[in-house]
Asks: 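Once you've had a glance at the structure underneath, I'll fire off some questions.
Just so you know, these numbers come straight off a predicted model, no measurement behind them. Numbering starts at 1 and runs along the sequence shown. These numbers come from the heavy atoms of this one structure, side chains and all, not from hydrogens, waters or symmetry mates.
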Amino acid sequence: MARNKYNVDETLETQFNLKQFSRALVYVFRYKKLFVGAFIFSLVSSVLSLLMPLFTEGAIDVYIPAKDVKSLIFCGIALVLIVAAQAACNRFRSRCTALAGQAIIRDMRRDLYVHLQDLPFDYFDSRPHGKILVRVINYINSVSDFLTNGLLNIVLQVINLVIIGVFMVSVNSKLSLMVFAGIPIFAVYIFIMRNKQRKAWQIQANKRSNFTAYLSESIHGERVSQSFAREDFNADINENLAQEARSSYMHAVTLNHLMWPTTQLISRTIYYLIYLVGVVYLRGTLTVGNLVAMTSYANRFWRPIMMLSNQYNQIINTSSYLERIFQLMDEPVTVTDKDDAKDLPAIRGDVDFDHVIFEYEKDRPVLKDVSFHVDAGQSFALVGPTGAGKSTIINLVSRFYNLKSGAVRIDGYDIADATLRSIRSQMGIMLQDTFIFSGTIMENIRYGRLDATDEECIEAAKRVYAHEFIRKMPKGYDTEINERGDVLSAGQRQLLSFARTLLSDPKILILDEATSSIDTNTELLVQEGIKTLLHDRTSFVVAHRLSTIKDCDKILYINDGQITEEGNHDQLMEKKGDYYHLYTSQLSGD
């Protein structure tokens, strides 16, 4: 299954065009002063290098025959100074481009990260996280070099071509025509190869993305892999994906590297033809210094063309990455504030579902005309079989998804008309998948409210009975833990997450399987804390352990996206319906 999943290449909905390059240039123009500085330093360096053949020509044709030692020394000193000045210019140019390049990387990553945080849950549900990560890290690294050095080099090399052409014509116009004659031949080759190269780099980007996605998942799931002795099988999948990435890269690079020998073949042919024509046909009209200067300029003329051919390769490569970067940037944010959205005022906690219909996939409803009312301060439990729609309901209370029809109201306000921040900032959510951030235990608890004092964090931990196990840690609340919380048991991670949620003092509290990984002894302590903490708060509790929701004010039994039973524990037990059978089966199983 994993092999097929990660062999599926991403499809591009929007093919690359020049508009995408213009979008990338927005990041370049933010640092135009650095680019102007780099351009000036590069231009000065290039002009200085073009003066060198003139000094060489003068030395050969004039100063050596005249045995003018002083002038020869002057030429030597001038050449040394030119080289030194070039080195200084190149150093400052490199500094300018490095500063601009790192700034562009920072800006692009920031924009991508901000956009990722706004994307709806279903975007992340439908694709491996590694394929997202490779765009934010690898692809932006790849395009940044082109947006700094690449674009600058293209402009400089074009200017160099013009300047060198002028110098060549001024030395010998006839031989210059021979040098220019190679350009149409090179242009034909570029035209033939461009589509092949672009497609090759698109394939390489896909294979690299597949490999990164599988590697990311393998690292996160290493414990499960070792538990099922999957190491050899996983290594086989990894080898296949790595081989595909390698093969696609080698094919793309091979096409790229054909550019250089082709350019070399054309330039060397012209280079030798200049000697042949100069010696055989222009004998008597061409000095040795003229010939040396022309061959030097011919060599210099094709050097920028070779540089431009390499930049063309980089354009092809960069385009395949920009396609994916901007595809992610253009991913629509479907769950967002309306233009006229208003902040939700301080809430009491009344919640209404009014004929709600919701679907993850078109024409496959998960919730079918669901309606219910929750009074402020009530504890509301949702039970039923897996996939019935329980977690979907609590996700809709926080407006993580858009409804197909109907409305969800808090204190009478349709949450579709309220700002997301004003809704979620007044809720406390503890999901089934507990996530622990890297840092200290104190920092993880304070994540629920960044302005909380140490005393408030400790009080929250005490109220959920997390204080005792934290106190026994090597450094107590200052104990460092990694992002998976490996030094903590599953129950301890959930207690820590519970303290973090409760610290925010929400008016609406959502617990999705909050006690699923807590042992029986710990659960008894937590239940005592929950009774106090749920007081005067609207709470939604999703639990498979029905013993944990017996004291809730109301219980909804959800089946196939509909409410089939409603009431408190005693009322539902008297009905002897679905809830009764589920509860008694759990008791007999225990």
Asks: For the residue pair L119 and L328, establish whether any side-chain heavy-atom pair is separated by less than 4.5 Å.
Replies: yes

Asks: Taking I140's backbone N and O only, do any of them form a donor-acceptor pair with R109's side chain (distance below 3.5 Å, no angle check)?
Replies: no

Asks: Report the C-alpha separation of V143 and I105 in whole Å, then their side-chain angles, then the decisive distance to 0.1 Å, and conclude whether the side chain to side chain contact (heavy atoms under 4.5 Å, CB included) test is met.
Replies: CA-CA 9 Å; V143 304; I105 289 175; over 6 Å; no

Asks: Kindly say whether S94 contributes a backbone atom to a donor-acceptor pair with the side chain of T97 at under 3.5 angstrom?
Replies: yes

Asks: Restricting to non-hydrogen atoms, name the atom on R424 and the atom on R399 that form the minimum distance, rounded to 0.1 Å.
Replies: NH2-O, 2.6 Å

Asks: How about I104 and Y31: do any of their side-chain heavy atoms sit closer than 4.5 Å?
Replies: yes

Asks: So does I64 get a backbone contact from the side chain of D68, meaning a donor-acceptor N/O pair under 3.5 Å?
Replies: no

Asks: Answer yes or no: are there more than 12 heavy-atom neighbours, outside R95 itself, under 6.0 Å from its atom CZ?
Replies: no

Asks: Take I159 and V162 through the side chain to side chain contact (heavy atoms under 4.5 Å, CB included) test and state the conclusion after the steps.
Replies: CA-CA 5 Å; I159 293 175; V162 175; 5.8 Å; no

Asks: To check you understand the geometry: which heavy-atom pair defines the closest contact between I415 and L396, and what is its length?
Replies: CD1-O, 3.4 Å

Asks: Run the side chain to side chain donor-acceptor pair (under 3.5 Å) check on E244 and S248 step by step: do they pass?
Replies: CA-CA 6 Å; E244 288 181 358; S248 63; over 6 Å; no

Asks: Hey, does the side chain of N238 reach the backbone of N234 with a donor-acceptor pair shorter than 3.5 angstrom?
Replies: no

Asks: Between CD1 of I77 and CD1 of I82, what distance do you get to the nearest 0.5 Å?
Replies: 12.0 Å

Asks: Please name all residues satisfying ring-ring contact (aromatic ring centres under 6.0 Å, His included) with F92, sequence neighbours left out, ordered by chain then number.
Replies: F41

Asks: So that I can tick it off, tell me whether R449 and D451 are bridged by a salt bridge, with the cut-off set at under 4.0 angstrom between side-chain N and carboxylate O.
Replies: yes

Asks: Tell me the closest heavy-atom pair linking L241 and N210, and the distance in Å.
Replies: CD1-O, 4.2 Å

Asks: Closest heavy-atom contact between A59 and L72?
Replies: CB-CD2, 3.8 Å

Asks: Say whether D343 and T419, considering side chains only, have a donor N or O and an acceptor N or O under 3.5 Å apart.
Replies: yes

Asks: Would you name the heavy atoms of Y401 and V335 that are closest together and state the gap between them?
Replies: CA-CG2, 3.8 Å

Asks: Hey, mind stepping through N240 and I237 against side chain to side chain contact (heavy atoms under 4.5 Å, CB included) and telling me if it holds?
Replies: CA-CA 5 Å; N240 289 335; I237 296 175; 5.7 Å; no

Asks: Is there a donor-acceptor pair under 3.5 Å between the side chain of H115 and the backbone N or O of E331?
Replies: yes

Asks: Kindly write out the residues that satisfy side chain to side chain contact (heavy atoms under 4.5 Å, CB included) with L344, not counting sequence neighbours, or none if the list is empty.
Replies: I347, I410, Y413, A418, S422, I423, Q426

Asks: Determine whether V136 and I325 make a side-chain contact, defined as any pair of heavy atoms from C-beta on separated by less than 4.5 Å.
Replies: no

Asks: Supply the atom-to-atom distance M442 CE to I445 CD1, rounded to the nearest 0.5 angstrom.
Replies: 6.5 Å

Asks: What residues, two or more places apart in sequence or in another chain, satisfy side chain to side chain contact (heavy atoms under 4.5 Å, CB included) together with A416?
Replies: K338, D414

Asks: Using ring-ring contact (aromatic ring centres under 6.0 Å, His included) as the criterion, list what pairs up with F35, not counting sequence neighbours.
Replies: none

Asks: Donor-acceptor pair, distance only, cut-off 3.5 Å: does the side chain of N402 make one with the backbone of T334?
Replies: yes

Asks: Determine, step by step, whether D337 and K342 satisfy the salt bridge (charged side-chain N to carboxylate O under 4.0 Å, His left out) criterion, reporting the C-alpha distance in whole Å, the side-chain angles of both residues, the deciding distance to 0.1 Å, and the verdict.
Replies: CA-CA 9 Å; D337 295 338; K342 298 180 180 179; over 6 Å; no

Asks: Set out, in order, the CA-CA distance, both residues' side-chain angles and the distance that settles side chain to side chain contact (heavy atoms under 4.5 Å, CB included) for R23 and M329, then state yes or no.
Replies: CA-CA 11 Å; R23 289 177 66 180; M329 283 190 178; 4.1 Å; yes

Asks: Under 3.5 Å, side chain of Q204 to main-chain N/O of A252, donor-acceptor pair present?
Replies: no

Asks: Within a reach of under 6.0 Å around CG of D339, are more than 12 heavy atoms found that belong to other residues, nucleotides or ligands?
Replies: no

Asks: How long is the gap from NZ on K70 to CD1 on I73, to the nearest 0.5 Å?
Replies: 9.0 Å

Asks: Looking only at heavy atoms, what is the nearest atom pair of I163 and L43, with distance?
Replies: CD1-CD1, 4.5 Å

Asks: Listed by chain and number, what are the side chain to side chain contact (heavy atoms under 4.5 Å, CB included) partners of R30, not counting sequence neighbours?
Replies: V26, Y27, D107, R110, D111

Asks: With ring centroids as reference points, do F74 and Y63 lie under 6.0 angstrom apart?
Replies: no

Asks: Return the NZ to OG distance between K207 and S247, rounded to the nearest 0.5 Å.
Replies: 9.5 Å

Asks: Could you tell me if R93 and S42 have a donor-acceptor pair between their side chains, going purely by distance under 3.5 Å?
Replies: yes

Asks: Checking F39 now: which residues fulfil ring-ring contact (aromatic ring centres under 6.0 Å, His included) with it, not counting sequence neighbours?
Replies: none

Asks: Could you walk me through whether R446 and D454 pass the salt bridge (charged side-chain N to carboxylate O under 4.0 Å, His left out) check?
Replies: CA-CA 8 Å; R446 187 175 283 117; D454 288 354; 2.2 Å; yes

Asks: Taking everything shown except F326 itself, do over 12 heavy atoms lie less than 6.0 Å from its CZ?
Replies: yes

Asks: Just verifying a value: how many Å separate C457 SG and I441 CD1, rounded to the nearest 0.5 Å?
Replies: 12.0 Å

